[in-house]
Amino acid sequence: MTIRAALLPLLLLAGAACEAQPQKSGFPDPKRPVAPIVSPRYSNEDARDRVGEFETVVKLADIKPGMFVADIGAGEGYYTIRLSPLIGRKGRVLAQDIVPETRNALAQRVQREDLQNVAVKLGEPNNPRLPASSFDRILLIHMYHEVERPSEFLWHLRDGLKPDGAVVVVDADRPTHRHGTPPRLLICEFSAIGYQLTRFERLPDSESYFAQFQALGAKPEPGDIPTCAA
């Protein structure tokens, strides 16, 4: 069986999740601005490599060969492309974006570079539709401030984590309308869904930070989720 064939069950599970899960309602509206999606890239890939962004983040996240990793809001694939050789033949990357044109361009890049341990999927703004209990790490890199309904998004995101999995956020420490998320607001919104902060580090560019969360206990009912002030 080829690695691409081995990825098929993962995509089928994701598709089944789309059909099986009814639309949820009753989630609270956010009390903070939501930044628009303005580009499929955060910065030039060469510039990010010069400051060692990828190496720093995957080291902090303890991503190892054989892991299953979801790259949500993957854009042009800066992390996706670099994760593929790191996790190796036994690992898998699911790259997701909610913009069809961006998703299609990334799928072409993955095919062109023959990354057989990578699958690319079109997501939804407030529900990543991840296959249940499948991922060791879920990456939200410079995209969390663009999530329209954070409580609903994070509530559904929990389903994709393995029991000991973690969600990794990299964002700029600035207001959401300026394409960042203040750490206090981030921690509040994650805590409201039952996540616990397990690691926080400032990144070398001095404006961005790394935050890692694990899900503990049962998910709250949508109507019981508190909102966090910006």
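Keep in mind the model is a prediction, meaning the values are calculated, not measured. Hydrogens, waters and symmetry mates are skipped; everything else that's a heavy atom, side chains included, is used.
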In terms of heavy-atom contacts, Thr80 and Ala95 come closest through OG1-CB, 3.4 Å

Are the side chains of Met143 and Val169 in touch, meaning some heavy atoms are under 4.5 Å apart? no

With heavy-atom distances below 4.5 Å as the criterion, would you say the side chains of Ser151 and Thr227 are in contact? no

Suppose we screen for side-chain hydrogen bond (donor to acceptor under 3.5 Å, both in side chains). Which residues come up paired with Arg184, at least two apart in sequence or across chains? none

Is there a donor-acceptor pair closer than 3.5 Å between any side-chain N or O of Ser134 and the backbone N or O of Ala132? yes

Euclidean distance, Trp155 CH2 relative to Ile225 CD1, rounded to 0.5 Å: 7.5 Å

Student check: side-chain heavy atoms of Thr56 and Pro204 closer than 4.5 Å: yes

For a 4.5 angstrom cut-off between non-hydrogen side-chain atoms, does Leu94 reach Asp71? no

Indicate, with yes or no, if the rings of Phe200 and Phe213 have centres closer together than 6.0 Å. no

Carboxylate-amine/guanidinium proximity below 4.0 Å for Asp62 and Lys64: yes

With Arg82, the side chain to side chain donor-acceptor pair (under 3.5 Å) member among Glu53, Glu55, Glu45: Glu45

Short question: side chain of Arg32, backbone of Ala229 - any donor-acceptor pair under 3.5 Å? no

Check whether Phe68 forms a cation-pi arrangement with Lys162 (NZ or CZ under 6.0 Å from the six-membered ring centre, at most 45° off the ring normal). yes

So do Ile81 and Leu115 actually touch side chain to side chain, heavy atoms under 4.5 Å? yes

Check: Ile193 main-chain N/O paired with Arg158 side-chain donor or acceptor under 3.5 Å: yes

Report yes or no: does Tyr195 contribute a side-chain atom to a donor-acceptor pair with the main-chain N or O of Glu189 at less than 3.5 Å? no

Phe153 vs Ile72 side-chain heavy atoms within contact, under 4.5 Å: yes

Is any side-chain N of the basic residue among Glu76 and Arg109 closer than 4.0 Å to the acidic one's carboxylate O? no

Taking the six-membered ring of Phe210 (Phe, Tyr or Trp), confirm whether the NZ or CZ of Arg202 is under 6.0 Å from its centre and within 45° of its axis. no

Would Arg199 and Glu201 pass as an ion pair if we require N to O under 4.0 Å? yes

Over 60° means perpendicular and under 30° means parallel, so tell me whether His179 and His145 are parallel, tilted or perpendicular. perpendicular

Examine distances only and state if a side-chain atom of Asp97 and a backbone atom of Gly75 form a donor-acceptor pair shorter than 3.5 Å. yes

